[in-house]
Number of protein chains: 2
Amino acid sequence: MSLSDIEIAQQTEMEPIEKIAQKINLESDHLELYGKYKAKIDFETLEKSQEGSTGKLILVTAINPTPAGEGKSTVTIGLADALSRLGKSTMIALREPSLGPTMGIKGGAAGGGYAQVVPMEDINLHFTGDMHAITAANNALSALIDNHIFQGNELLIDSRRVIWKRVVDLNDRALRHVTIGLGGPLQGVPREDGFDITVASEIMAILCLATSLKDLKKRLSKIVVGYTYQRQPVTVKDLKVEGALTLLLKDAIKPNLVQTLEHTPALVHGGPFANIAHGCNSVLATRTALHLADYTVTEAGFGADLGAEKFLDIKVPQLKKAPDVVVVVATIRALKMHGGVPKSNLASENVEAVKIGFSNLQKHIENMQSYGLPVVVAINEFVSDTVAEVQMVKEKCLALGVEAALTSVWEKGSEGGVALAEAVLAEIDHTQVFSPLYDTDNETIETKVTKIVQKIYGGKGVAFSKKALTQMKNFEENGWGNLPICMAKTQYSLSDDPSLLGRPSDFIVTIREFVPKLGAGFIVALTGDVMTMPGLPKQPAALNMDVAEDGTVSGLF
Amino acid sequence: MSLSDIEIAQQTEMEPIEKIAQKINLESDHLELYGKYKAKIDFETLEKSQEGSTGKLILVTAINPTPAGEGKSTVTIGLADALSRLGKSTMIALREPSLGPTMGIKGGAAGGGYAQVVPMEDINLHFTGDMHAITAANNALSALIDNHIFQGNELLIDSRRVIWKRVVDLNDRALRHVTIGLGGPLQGVPREDGFDITVASEIMAILCLATSLKDLKKRLSKIVVGYTYQRQPVTVKDLKVEGALTLLLKDAIKPNLVQTLEHTPALVHGGPFANIAHGCNSVLATRTALHLADYTVTEAGFGADLGAEKFLDIKVPQLKKAPDVVVVVATIRALKMHGGVPKSNLASENVEAVKIGFSNLQKHIENMQSYGLPVVVAINEFVSDTVAEVQMVKEKCLALGVEAALTSVWEKGSEGGVALAEAVLAEIDHTQVFSPLYDTDNETIETKVTKIVQKIYGGKGVAFSKKALTQMKNFEENGWGNLPICMAKTQYSLSDDPSLLGRPSDFIVTIREFVPKLGAGFIVALTGDVMTMPGLPKQPAALNMDVAEDGTVSGLF
């Protein structure tokens, strides 16, 4: 019987975090310890990392996810361990997980098998408190807004047009739609409201894009919380609480240092949604890793059409550094699903389905190449893969000028990632010129959305709802036209229809509505319904969790 | 111009927390560091502390609070510093503050002036994340309850009779009364609900009364979350989530070690409300302090009628150790208010008012003596106090066989607490037999409530509402009759009428309703309306808060 993730993690002896820091020449003076195996990096180091560096950046992304699973985080961690194994000074920059899914659905967010970041119990639970600080700051702002309205409403905020929602870091369906302020005139002003999960908070996106404490405060001040009766935007600055919110985030902004099972240093910091936000770990963590190590392996959420596109068009301008190589993760099983095979039939060989499903991978490879970036494909091995199936993928990749490397880091750790690491190293010095998809400052919202849909998704065009058309006009008038676009779209398809697998064409993407995220510094474009508060399943993972008298955890994946 | 609390704190150089731990012979192996100046104590030390100890316990309590202020926490900290100054091995066990009041009203909860626990910014903000862990556990339970109802409701929970409320660690008036689960059949089951502030959560009370991780889990399993359609109680155990909740609290249960401005070791851990809960720091922290130091100074919330009574009748049975001496804090100004002087006239000498107001102090002294405990009075000095006023208090104390010591720790630190420390040391070896107010196991709820009202408050008797009478009958039938009583009453008066200062008599206390807190292990008796979710003032303290680029905090008191 194979071991569970938590059993593997518990069997591994961690090194003290000071020793991990030594590997990247970070003295313990610059660490703020959280127990023996976690530390935050101090402001001095963060400031130094702003000076730029010669570190190489490897972005791991994937095909459109399927129920078959791709293992992107696992490959990210395993690749970094393999680079370390080859003697390269390497760091990881990863997102930190949300407590909500942890309590709901089995499945860790800190890698798996023999490619994990540890201590996985802590990382999956409260970690260093970043999520809680964001929750507190988000909800403090909500309390301050409702208190402002209650105490005379000097800013004339229209209580029907408050767009700032409360959050909890839980899957709590019952909080999606609520009415608050009930109970009479002494208890508040009644209005409709709703709760999102913490990772959907704009404050999470802000924390992940901020380049310093000063920049954090500036971004927080720009948040639009709602509108006046005259439809004028009301900001955090109008409420005069950007100082208090920054104060609540002064530790959360510092990246968290942990380690992999093989003791590669890893920064696990920030975790915005990849639909209504940009889905990457913090700019500060990535920048710090680039400063401290020669090679940084990082990851973008969902498939490359969402995660990598946003990494390149939203995060890179803040990071001031484009990836040196992009790794696109795929599995034979997932390619078969993109080729039309149902989940129940994935175990039998089907080279033809792999060939058809490859179209999805091919589109993502072409997209990354269109940014001027070298690409390597990682085929994340499963026992059911056959030689002929793997051969088909390798050949088709070669035809696109891309190497495809088999990886088995889940089963074997770094040893299973050496082929991929070597392929990455072979590509990483081919300097090419990074070419952004659109001109953020000078193109209109409509042009930017259209470029994403046509060039990245491969769609025919965009249909804007009446509301979206009005919003585009208002936003441009407000001076918000020069922001990048953050698409909120299904992750399962290149189109906005989750059932269209492979490489759909001739489709139109409908933009239902825009949401201004002035603090994060992007405009969200909503395609369909976007779930910002997940629910729990009938048998939540919480039912299996336990902790022994000595503090040993069980049932956590 | 005198310095603010935060300025004094920032001017003081803290010692590394390992050095503080050395003072109480605690090796750094037993510390889980949170930065350089905070640490949690490990399970091994907590377990050892269960073996009992010869440490002496000093309980600091006060007269009924007035707007004039008493400075109970400040005296607690200053007394401990003074004992240290006299060469005694001393620790402090204090409650940790809630973020809600911090954002709302100026005024720290970590002492003041030259008697503070530090790092005060951290202690007043996220600290080591205990509050956030409690919030997460509380709200995870809420999400699991609503999910159970949504997913078929096998336990037949009556959604109108869910008594478990959600919490936020904020002052958020608008969340007092809400409706949740709106939006149609896919979004939840609509019901009325409300949010409390985190410190009002039963989980906070449980964390503070639990004697081990095992006991914590047992207590969590007993929480009554609501009732079935047949009016049968539904518990956490029925939902099978006590393991998950314990897991979320596995670090929060460990006491937090910090230091005073004069480097006395302090455990700051847990902070339940003193109205609907028992208002004392955790049993584990107090026990650990008793194990590690010769003298432990601790504090109870509000006046002695609420805080000390609950300390003695609810906490002591879990702690298995009664105080060796009780310090009752009073100020001349507050005694004048109890003597009928309005706040605006407190600056002028008024010996007669002091004499009349002394009746309040006298009742609390007599109450503590009725438990068989030695008493010392601390007169917390203000500049406006006159010699004649102080003399009046000292004489009246002496008539009761009690010494009254002047303290000026806010202004002078430990030096200002030496007289009090000497008075405490003079009393501490007078062993007397602790005599509890009531027989928890064998007396009825009605008898226990009546004893509190008649013997501690000095009232004539108790009026139970019709609902309360029915509940007493049901609770005794459910087997809950053998629990101690936790009175929820105004802190401003010995009676249940906040306007009755001094020592009222001939009053009847009305019990409106009971609330079973099976996990905490007590029955709450509600007198009037109890505020479990505060609101923000028109100019919240948050408006003045800020943080500089290097992380330096300002505007926090």
Side-chain angles (χ1 to χ4, degrees), chain A residues 32-36 43 99 103 125-126 129 132-133 136 139-140 142-144 146-147 150-152 168-183 187-189 212-214 240-241 243-244 246-248 250-251 535-536 538 540 542-543 545-547 549-551 553 555-556, chain B residues 32-36 43 99 103 125-126 129 132-133 136 139-140 142-144 146-147 150-152 168-183 187-189 212-214 240-241 243-244 246-248 250-251 535-536 538 540 542-543 545-547 549-551 553 555-556:
Chain A
E32 297 171 6
L33 299 186
Y34 282 69
K36 295 181 176 65
F43 281 126
L99 192 56
M103 303 304 285
L125 294 172
H126 308 295
H132 293 320
N139 293 347
S142 294
L144 289 159
D146 279 306
N147 188 56
F150 176 84
Q151 301 278 6
V168 288
D169 192 22
L170 290 164
N171 290 11
D172 194 347
R173 183 188 294 108
L175 293 181
R176 283 178 191 155
H177 302 284
V178 302
T179 51
I180 63 168
L182 304 176
Q187 313 294 344
V189 177
S212 65
L213 202 56
K214 189 178 168 185
K240 303 190 180 83
V241 295
T246 310
L247 179 58
L248 288 170
K250 77 178 174 64
D251 294 311
L536 288 169
K538 182 150 189 180
L543 301 185
M545 293 178 185
D546 207 354
V547 55
E549 277 176 66
D550 64 352
V553 174
L556 194 62
Chain B
E32 296 171 6
L33 300 184
Y34 283 68
K36 294 181 176 65
F43 282 125
L99 193 56
M103 304 303 285
L125 294 172
H126 308 294
H132 294 320
N139 293 347
S142 295
L144 289 159
D146 279 308
N147 188 57
F150 176 83
Q151 300 280 5
V168 288
D169 192 23
L170 291 164
N171 290 11
D172 194 346
R173 182 188 294 108
L175 293 181
R176 283 178 190 155
H177 302 284
V178 303
T179 50
I180 62 168
L182 304 176
Q187 313 294 344
V189 177
S212 66
L213 203 56
K214 189 178 168 184
K240 303 191 181 81
V241 295
T246 310
L247 180 58
L248 288 170
K250 77 179 174 65
D251 294 312
L536 288 169
K538 181 150 190 179
L543 300 185
M545 293 178 184
D546 207 355
V547 55
E549 276 176 68
D550 64 351
V553 174
L556 194 63

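Letters A, B, ... mirror the listed sequences (proteins, then strands); counts begin at 1.
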Most chain A-contacting option - heavy-atom pairs closer than 4.5 Å, from Ala136(B), Ser212(B), Gly129(B): Ala136(B)

Reported CG-to-CD1 distance for the pair Asp172(B) and Ile180(A), which is rounded to 0.5 angstrom: 7.0 Å

May I ask you to name which of Leu182(B), Leu556(B), Leu144(B), Val178(B) has the most heavy-atom pairs under 4.5 Å with chain A? Leu182(B)

Under 4.5 Å heavy-atom distance to chain A, tell me which part of Thr179(B) shows up: side chain, backbone, both or neither. both

Let me know if Tyr34(B) has heavy atoms under 4.5 Å from chain A in its side chain, its backbone, both or neither. both

Please rank Met103(A), Lys240(A), Lys538(A), Glu549(A) by heavy-atom pairs under 4.5 Å with chain B and give me the top one. Lys538(A)

Under 4.5 Å heavy-atom distance to chain B, tell me which part of Leu99(A) shows up: side chain, backbone, both or neither. side chain

What option among Gly188(A), Gly551(A), Gly243(A) has the most heavy-atom pairs under 4.5 Å with chain B? Gly243(A)

Checked Gln151(A), Lys36(A), Met545(A) vs chain B; the most non-hydrogen pairs under 4.5 Å come from Gln151(A)

Leading residue by heavy atom contact count with chain A [cutoff under 4.5 Å; candidates Val241(B), Leu175(B), Asn171(B), Asp550(B)]: Leu175(B)

Donor-acceptor pair, Arg173(A) side chain versus Leu536(A) backbone, under 3.5 Å? yes

Structural part of Leu33(A) lying under 4.5 Å from a heavy atom of chain B: both

Is it the backbone or the side chain of Leu543(B) that comes under 4.5 Å from a heavy atom of chain A, or both, or neither? both

Counterpart residues, salt bridge (Lys or Arg N to Asp or Glu O under 4.0 Å), relative to Asp146(A) (two or more places apart): Arg166(A), Arg191(A)

Only counting residues at least two apart or in another chain, list the ones meeting ring pair (Phe, Tyr, Trp, His ring centres under 6.0 Å) with His126(A). His132(A)

For chain A, the option from Gly535(B), Ser142(B), Ala542(B) that forms the most heavy-atom pairs under 4.5 Å: Ala542(B)

Option in Leu213(A), Thr246(A), Leu248(A), Asn139(A) with maximal non-hydrogen atom pairs under 4.5 Å from chain B: Leu248(A)

